[in-house]
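Take a look at the structure set out below.
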Amino acid sequence: MDNNAIADVFDEVADILEIEEVEWKPRAYRNAALGIRNYSKPLSEVYKKDGIKGLKEIPGIGENIAKKIEEIILTGKLSYLEKIRREIPKVIVELMALQHVGPKTAKKIYDKFKIKSMEDLKKLIKQGKLHELKGFGEKLEHEILEGIEDKEKKGKRYMLNEALPLAEEIKNEIMRQKGVSKALVAGSIARMKENIGDIDILVEARKSEPIMDYVAKMKIVEKVLSKGETRSSIVLKNGIQVDVRIVPKESFGSATQYFVGSKEHNVRMRQIAIKKGLKLSEYGLFKGGKAIAGAKEEEIYRKLGMEWIPFEMREERGEIEAAQKGKLPKLVELKDIKGDLHCHSTYSDGRATIAQLVKSAEEMGYEYIAIADHSEYNKIGEGISEKIRREENKEIDKANKNSNIRIIKGIEADIKKDGTIDMSKEMANEVDIVIASVHIGSDEKDATKRTLMAMDNPAVNIIAHPTGRIFEEGKEGTMDFEMISDKAKERGIILEINANPYRFDLNDVNAYAAMKKGIKMVIDTDAHDLSELECMKYGVGIARRAWCEKKDIINTMPWNKIEKIIRR
DNA sequence: GCCGTTTTCGGCCCGACTGTTTTCAGTCG
């Protein structure tokens with residue numbers, strides 16, 4: 001079981017204990033689940049190496065939960081969960097997953113009607129029977145029904161690349177309104193999470209400005225859910241909910257702090273405030289009812305005894321401790337990126353010509369771009385023979401003569417079933433950089449072994465999308481990242497952070513682990529299209545969530561320096 | 001059940017919103 005699966009176990013324990021109205025334990029189990037999700041090493045590895053003692057190092061894990069993790073690792077299940085599951089009908093836990101239904105409501109509904117499934121609840125609502133319960137009006141009924149239908153329709157999270165452009169569009173529209181001095185995309189988008197639940201936009205303005213009237217007229221808007229003085233909600237045509245909050249100047253910093261989140265980060269911040277005899281809320285930092293900070297985030301962090309923390313780090317993964325010690329990393333920025341080392345042209349399955357890619361790269365201010373088309377073995381990627389690649393390389397040589405930026409001859413060579421690289425020794429010397437990758441088809445079970453073998457090949461510089469995850473297909477990395485990263489460290493191989501939102505591989509957790517091991521990484525877009533070159537910002541977001549600095553990312557360096565780093 | 005340069009016991013974030021509330025409980029972020 002991987003870390004997320006173990007965390008799910010403890011979240012379910014928390015759900016059940018919440019229904020049973022057990023005090024405080026649910027919080028402890030939730031904290032444990034969070035600590036596990038945020039932990040970069042697989043718990044089974046930690047346990048193998050350091051046993052219970054190692055597990056207790058993880059935030060939120062004490063003696064008791066450590067023992068429970070041990071049981072899960074050794075037996076694949078948790079007898080405690082199985083025991084408490086028997087105490088509570090399963091449907092109650094399911095009900096709790098609905099919007100507007102918490103433990104109290106779920107229990108109340110069950111106790112009265114003894115329903116057995118979601119379908120039963122739907123029937124109940126359609127017959128108007130939920131009214132019989134005290135505290136259930138028409139509106140709540142309607143909203144619960146909507147919640148069920150939403151759940152049936154689709155998973156409620158959206159990809160970052162879907163949400164971010166829309167959020168920016170709305171923000172820009174708001175910025176154009178009179179009386180608006182600032183607007184900011186907050187929430188999980190600001191933290192560059194790979195998937196997001198809704199869009200949060202924070203606006204600095206005097207109250208009652210008719211901002212929302214303008215937003216409501218935008219083409220991307222489906223309907224307005226609610227419109228208030230300080231808080232409004234709308235739904236976009238693609239189903240994303242947008243919450244817009246309007247705050248006065250003196251609270252903009254504290255509101256930013258609050259609405260950027262994460263929730264866990266904020267909880268810690270408030271605890272720290274309390275210890276200092278202060279109170280932190282979205283309205284400001286208060287001492288005895290008097291605001292001592294609020295307009296600027298920096299001031300809030302400073303008065304709580306720490307450095308200002310970049311949005312992407314605010315996940316309660318040790319960033320607060322680092323900020324208190326003044327030891328935050330200086331995160332890599334988009335403007336540090338000097339080029340893209342993994343792009344596909346029309347020679348293989350790309351949709352842009354080399355000339356077009358080079359022109360775009362030049363406009364983006366890059367110093368270099370690598371054309372790394374697929375090798376012949378990759379049929380889906382329309383891989384090319386070495387004969388054609390030699391023609392391509394000639395074209396690159398020619399283009400380099402009158403180009404302002406360096407065009408690099410690359411190859412994305414497939415790692416074949418036997419672990420060898422789909423590239424001749426001669427070709428290895430004819431290209432500037434070799435990216436090797438497994439393209440998982442029906443033969444994914446040996447992917448780790450094959451990748452490890454490929455990394456022993458002295459021609460290989462970069463391993464692309466190192467865990468083989470593909471988001472849309474729900475494919476999480478099937479490869480053993482511990483083994484791959486250890487090998488990368490040993491062999492000096494560069495690991496790729498693939499900025500394509502359908503991959504995001506390495507993800508933030510793995511990239512953090514790689515950074516900690518001192519492995520160098522490269523942020524590539526794997527662009528198959530000119531527009532995909534723009535995905536670099538998402539890759540930088542992952543790197544920032546992984547606490548990476550400029551020195552960890554090779555394509556922040558000029559090409560002549562990269563040449564020295566990559567093993568030839 | 002976890003955690004501690006304020007504590008090994010006694011805490012555990014805070015405020016808005018909503019419904020139907022006649023003063024507040026439940027849920028959410």
Side-chain angles (χ1 to χ4, degrees), chain A residues 10 13-36 55-69 80 84 95-109 130-131 133-144 147 156 186-188 190-191 193 196-200 202 225-233 241 243 245-247 251 254-255 257-286 304-305 314 316 320-321 324-325:
Chain A
F10 292 121
V13 170
D15 283 343
I16 294 174
L17 294 177
E18 235 170 46
I19 295 161
E20 294 183 331
E21 293 179 60
V22 177
E23 282 198 300
W24 306 118
K25 285 192 194 185
R27 168 165 308 180
Y29 280 103
R30 291 226 192 275
N31 282 339
L34 178 77
I36 292 166
L55 294 174
K56 281 169 71 177
E57 297 290 308
I58 300 163
I61 311 276
E63 186 70 31
N64 270 292
I65 293 185
K67 278 188 188 147
K68 289 187 171 72
I69 295 172
Y80 174 64
I84 60 175
L95 289 178
M96 258 181 74
L98 293 173
Q99 283 279 302
H100 309 104
V101 181
K104 298 273 164 59
T105 309
K107 193 154 178 282
K108 219 164 23 168
I109 294 174
L130 218 55
H131 281 316
L133 277 174
K134 224 171 86 186
F136 285 82
E138 229 167 83
K139 188 155 182 193
L140 187 59
E141 230 180 33
H142 180 71
E143 277 173 350
I144 292 176
K156 57 181 176 188
S188 45
R191 304 199 311 279
K193 275 197 73 165
I196 65 123
D198 61 4
I199 295 175
D200 283 300
L202 194 61
L225 288 179
S226 66
K227 209 164 77 178
E229 280 282 286
T230 62
R231 180 179 173 174
S232 302
S233 294
Q241 183 170 332
D243 291 327
R245 336 232 174 189
I246 298 167
V247 297
S251 297
S254 46
Q257 202 282 317
Y258 181 76
F259 290 114
V260 166
S262 67
K263 190 180 166 197
E264 292 78 17
H265 174 88
N266 287 352
V267 167
R268 269 297 301 286
M269 292 292 289
R270 287 173 182 218
Q271 284 170 348
I272 288 165
I274 292 167
K275 278 187 190 163
K276 291 183 184 295
L278 306 171
K279 193 185 77 167
L280 178 64
S281 75
E282 57 264 52
Y283 300 103
L285 182 64
F286 297 91
L304 290 175
R314 300 182 187 177
E316 177 59 350
I320 289 176
E321 287 74 8
Q324 285 170 329
K325 289 179 197 145

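Note that these values count all heavy atoms, side chains included, but never hydrogens, waters or copies made by symmetry. Numbered from 1 within each chain, the chains take letters A, B, ... in sequence-line order.
- With A/Phe10 as the aromatic partner, A/Lys68 does not meet the cation-pi criteria of under 6.0 angstrom to the ring centre and within 45 degrees of the ring axis.
- Two residues are said to be in side-chain contact when any heavy atoms from C-beta on lie closer than 4.5 Å; A/Leu280 and A/Gln257 meet this criterion.
- One finds no side-chain N or O of A/Tyr283 lying less than 4.0 angstrom from the OP1 or OP2 phosphate oxygen of B/dC14.
- A donor-acceptor pair under 3.5 Å links the side-chain atoms of A/Ser262 to the main chain of A/Arg314, judged by distance alone.
- A 4.5 Å side-chain heavy-atom check between A/Ile69 and A/Ile36 finds at least one atom pair inside the cut-off.
- Applying the 90° criterion around 0 to the glycosidic angle, B/dT7 comes out syn.
- Using a 4.0 Å heavy-atom distance criterion, A/Lys68 is classed as a sugar-phosphate-only contact.
- Salt bridge status for A/Glu18 with A/Arg30: present, with a side-chain N to carboxylate O gap under 4.0 Å.
- The base-pairing partner of B/dT8, taking Watson-Crick or G-U wobble contacts with both distances under 3.5 Å, does not exist among the strands shown.
- In this model, the phosphate group of B/dC2 is approached by a side-chain N or O of A/Asn64 to a distance below 4.0 Å at OP1 or OP2.
- Whole-Å rounding puts the A/Tyr29 OH to B/dC3 P distance at 13 Å.
- Judged as a side chain to side chain contact (heavy atoms under 4.5 Å, CB included), and not counting sequence neighbours, the contacts of A/Ile272 are A/Arg268, A/Lys276, A/Leu304, A/Met306, A/Ile320, A/Gln324.
- Rounded to whole Å, the C1' atom of B/dG1 lies 14 Å from the corresponding atom of B/dT8.
- A salt bridge links A/Lys67 with A/Glu63: the distance from a Lys NZ or Arg NE/NH1/NH2 to an Asp or Glu carboxylate oxygen falls below 4.0 Å.
- In the set B/dG15, B/dT6, B/dG1, the nucleotide with an atom closest to the side chain of A/Lys275 is B/dT6.
- Across the C1' atoms, B/dG26 and B/dT20 are found 14 Å apart, a figure rounded to whole Å.
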## Note on the structure
Per-nt protein contacts along nucleotides 17-29 of chain B (heavy atom under 4.0 Å; B base, S backbone sugar-phosphate only, - none) come out as S-SS-----SSSB
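- Spacing of C1' atoms, B/dA16 relative to B/dG10, comes out at 29 Å, to the nearest Å.
- On the C1' atoms, B/dT6 is 13 Å away from B/dG11, given to the nearest whole Å.
- Across B/dC28 and B/dT22, the matching C1' atoms stand 25 Å from one another, rounded to whole Å.
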#### Entry: Criterion side chain to side chain contact (heavy atoms under 4.5 Å, CB included) on A/Glu316 and A/Lys263, from CA distance to verdict
CA-CA 9 Å; A/Glu316 177 59 350; A/Lys263 190 180 166 197; over 6 Å; no
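- Scanning both residues, A/Ala273 and A/Leu285, for their nearest heavy atoms gives CB-CD1, 4.3 Å.
- Of all the residues in residues 14-26 of chain A, A/Trp24, A/Lys25 reach under 4.0 Å from DNA chain B with at least one non-hydrogen atom.
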